[in-house]
Amino acid sequence: MPSWIGAVILPLSGLLLSLPAGADVKARSCGEVRQAYGAKGFSLADIPYQEIAGEHLRICPQEYTCCTTEMEDKLSQQSKLEFENLVEETSHFVRTTFVSRHKKFDEFFRELLENAEKSLNDMFVRTYGMLYMQNSEVFQDLFTELKRYYTGGNVNLEEMLNDFWARLLERMFQLINPQYHFSEDYLECVSKYTDQLKPFGDVPRKLKIQVTRAFIAARTFVQGLTVGREVANRVSKVSPTPGCIRALMKMLYCPYCRGLPTVRPCNNYCLNVMKGCLANQADLDTEWNLFIDAMLLVAERLEGPFNIESVMDPIDVKISEAIMNMQENSMQVSAKVFQGCGQPKPAPALRSARSAPENFNTRFRPYNPEERPTTAAGTSLDRLVTDIKEKLKLSKKVWSALPYTICKDESVTAGTSNEEECWNGHSKARYLPEIMNDGLTNQINNPEVDVDITRPDTFIRQQIMALRVITNKLKNAYNGNDVNFQDTSDESSGSGSGSGCMDDVCPTEFEFVTTEAPAVDPDRREVDSSAARLEHSLLSGSLVCIALAWQRLCR
């Protein structure tokens, strides 16, 4: 072969060999990556123009890459921030639900109490005039204690209501018997006859049942909204582990390092990463769902027999009815008190000259519905409860659903319809590993996130315990019991604080039932027959209490 032929062939072969190399260099340009990286706000000084050897990479595949060490570090931090924002945004609905509804319910209940107190004061000033104003602190103290209970004060509702009626009896007894002088000891004796003589008729017993269970339900429900708000706010602020951060970087930004900035992660790949990173949050779900169920049932109580609005709106009328009962029975009451406590000493001449009718002969005028105060907070309890029930139902399983909600976001993954052209952690191809189940223990074989299943997140465990505590309170409130005072009475009848449920009104145990509590009128007539049975069973006990110096010894 002629030498010139060889001389030609050698350069041609060198050219042929160099063409793929030249084409390859052009294909490995980092132009797209530079554009995407700059759009994130990072300095382009960190990024090469063409791919470089990747032995320096600690997270992404150590192949030819567009990422320097500085880029991998910055993108790793970026993936952490984006993940935290994604969790916070995804849980935004449940957080705002509890924040806004807590504010609305709390505003409603507080204004309801204010309206009820103002209505009573206005009506009693018009009706009883100076006699009421001279004794108004008895009523003011009642509302002060009701407000203190609602805001979390250590108040035993039954004892407080018993004290109210005892104090009212003492004041009224003096008004209907102005011709006598009563010492403190004598008035103490008078108060001991409150239950036995029933000077106010059946009003105190019925009102005690209604007030205790309505206030227990209202306070516990608002406390539930508070706990739900706090748990949601805390859990939505995640602190990813180092293993989670590595997995996030690999999923979200290793495509940049491979020159594929527009390729998004495969949906199933995203699910495994999120399930590993949010394993502890998913473990919150069981207790959260029990909490939501308990909230829904107490909400039904608020709509039905435990409706605090139906109790507080006419409370002035009910108390005035009790006062009229006392007026009508004043002679019989006085005679029995004199018989039990002894004949009181006559009052000084000036005071005895006044007769009882001149001191206390006013009758409470008929109730006029048009004079009721406007509805509290511009709404009604029924409307508030209907609204919150719908929101609560939507917030069930929210924590175990976080991975699915995040991975459905089209800005995060390629979606389920694009399973071939997505990032699988190594290249643009289908993701093959199976999807992990929810919760910490199920992450032992998670192919994407290194999860230590032997070390549950203590912060999440604290939230689980907080939910268990409030769920227990809600269970008691559903049954008409106040968890703070349910063990303060030894009476087997359940007449301790908050025992306002009769056997035929409330179940003896907390059950997740779907039937709605029956609606009742404001007088709560459904408790009459059962309460009468309770009264009969407690009669002998009341007599014993009187012999032992009244309720303070009985409590």
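As the structure is a prediction and not an experimental result, all values here were calculated from the model.
D285 contributes no side-chain N or O that, together with a main-chain N or O of Q281, makes up a donor-acceptor pair within less than 3.5 Å. With hydrogens and angles disregarded, no donor-acceptor distance shorter than 3.5 Å links the side chain of S320 to the backbone of V317. Of the possible polar contacts, one joining the Y186 side chain to the G342 backbone as a donor-acceptor pair under 3.5 Å is found. The backbone N or O of D457 lies less than 3.5 Å from a partner atom in the side chain of N280, making a donor-acceptor pair. Counting only distance, with no hydrogens or angles, the side chain of S119 and the backbone of A116 share no donor-acceptor pair below 3.5 Å. The backbone N or O of E88 lies less than 3.5 Å from a partner atom in the side chain of S91, making a donor-acceptor pair. Although no hydrogens or angles enter the test, the distance criterion places a donor-acceptor pair under 3.5 Å between the side chain of S236 and the main chain of A232. For N162 (side chain) and E158 (main-chain N/O), a donor-acceptor pair under 3.5 Å exists by modelled atom type. Of the possible donor and acceptor atoms, none in the side chain of R229 sits under 3.5 Å from a partner among the backbone N and O of V99.
Residues forming a ring-ring contact (aromatic ring centres under 6.0 Å, His included) with W399 (at least two apart in sequence, or on another chain): W288. Among residues two or more places apart in sequence or in another chain, the side chain to side chain contact (heavy atoms under 4.5 Å, CB included) test is passed with Q134 by M130, L131. In this structure Y132 satisfies the ring-ring contact (aromatic ring centres under 6.0 Å, His included) test together with F124, F139, sequence neighbours excluded. Residues that satisfy the salt bridge (Lys or Arg N to Asp or Glu O under 4.0 Å) test with E390, not counting sequence neighbours, are K393. Residues satisfying the ring-ring contact (aromatic ring centres under 6.0 Å, His included) criterion with F338, sequence neighbours excluded, are F173, Y180.
Put simply, NZ on K118 and CG on D316 are 11.5 Å apart, with the number rounded to the nearest 0.5 Å. Of the inter-residue distances, the one linking L381 atom CG with M312 atom CE reads 13.0 Å to the nearest 0.5 angstrom. Residue E230 holds its CD atom at 8.5 Å from NE2 of H102, rounded to the nearest 0.5 Å. Taking CG of N135 as the start and OH of Y128 as the end, the distance is 12.0 Å to the nearest 0.5 Å. One distance of note links CG of D482 with CD1 of I216; it measures 4.5 Å at 0.5 Å rounding. Between the NZ atom in K475 and the CG atom in N481 there is a gap of 13.5 Å [rounded to 0.5 Å].
Counting only residues at least two apart or in different chains, disulfide (SG to SG under 2.5 Å) contacts with residues 187-237 comprise C189-C341.
With a 4.5 Å cut-off on side-chain heavy atoms, V227 and L467 count as touching. Side-chain contact check for L207 versus L161: every heavy-atom pair is 4.5 Å or farther apart. The shortest side-chain heavy-atom distance between L113 and F215 falls under the 4.5 Å cut-off. In this structure the side chain of L168 reaches within 4.5 angstrom of the side chain of F200, judged on heavy atoms. You'll find the side chain of K396 reaches within 4.5 Å of the side chain of D293, heavy atoms only. A heavy-atom distance below 4.5 Å is found between the side chains of I388 and T97. Taking the side chain as every heavy atom from C-beta outward, D163 and E145 never approach each other to under 4.5 Å. L146 is not listed as a side-chain neighbour of E117, based on a closest heavy-atom distance of 4.5 Å or more.
Using a cutoff of 4.0 Å between basic side-chain nitrogens and carboxylate oxygens, D283 and R461 are scored as salt-bridged. Of the charged side-chain nitrogens involved, none lies within less than 4.0 Å of a carboxylate oxygen, so that K318 and E321 do not count as a salt-bridged pair. Salt-bridge check for D387 with R383: failed, with every basic side-chain N at 4.0 Å or more from each acidic carboxylate O. Ion pairing between a basic and an acidic side chain is recognised when a charged N comes within 4.0 Å of a carboxylate O; K237 and E84 show no such pairing.
Dense packing is recorded around NZ of K147, with more than 12 heavy atoms of other residues, nucleotides or ligands lying under 6.0 Å away. Residue-environment remark: CD (Q343) exceeds the threshold of 12 foreign heavy atoms within 6.0 Å.
Of all non-hydrogen atoms in R95 and E89, the two that sit nearest each other are NH2-N, 4.5 Å. Closest of all the heavy-atom pairs between T379 and K104 is CG2-CE, 4.4 Å. Of all heavy-atom pairs between I292 and S395, the closest is CD1-OG, 3.5 Å. Between Q443 and G439, the shortest heavy-atom contact is NE2-O, 2.9 Å. Nearest approach of A214 to N307, heavy atoms of both residues: CB-C, 4.4 Å. Counting all heavy atoms, side chain and backbone alike, A347 lies closest to P178 at CB-O, 3.7 Å.
Taking the centre and axis of the six-membered ring of F306, the NZ or CZ atom of R213 falls outside the cone set by 45° and 6.0 Å. Remark: R234 is not positioned above the aromatic ring of F459, lacking an NZ or CZ atom under 6.0 angstrom from the ring centre and at most 45 degrees off the axis.
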Given D382 and E309, is the side chain to side chain contact (heavy atoms under 4.5 Å, CB included) satisfied, shown in steps? CA-CA 9 Å; D382 287 342; E309 188 174 23; 5.7 Å; no
If you apply the rule side chain to side chain contact (heavy atoms under 4.5 Å, CB included), what do you find for L225 with M295, and how did you get there? CA-CA 8 Å; L225 291 173; M295 287 287 289; 3.6 Å; yes
Start with the C-alpha gap between R219 and F109, add the side-chain angles, then the distance that decides, and say whether side chain to side chain contact (heavy atoms under 4.5 Å, CB included) holds. CA-CA 9 Å; R219 180 171 86 161; F109 288 136; over 6 Å; no
When you look at F93 and V398, which way does the side chain to side chain contact (heavy atoms under 4.5 Å, CB included) test go after all the steps? CA-CA 10 Å; F93 167 78; V398 65; over 6 Å; no
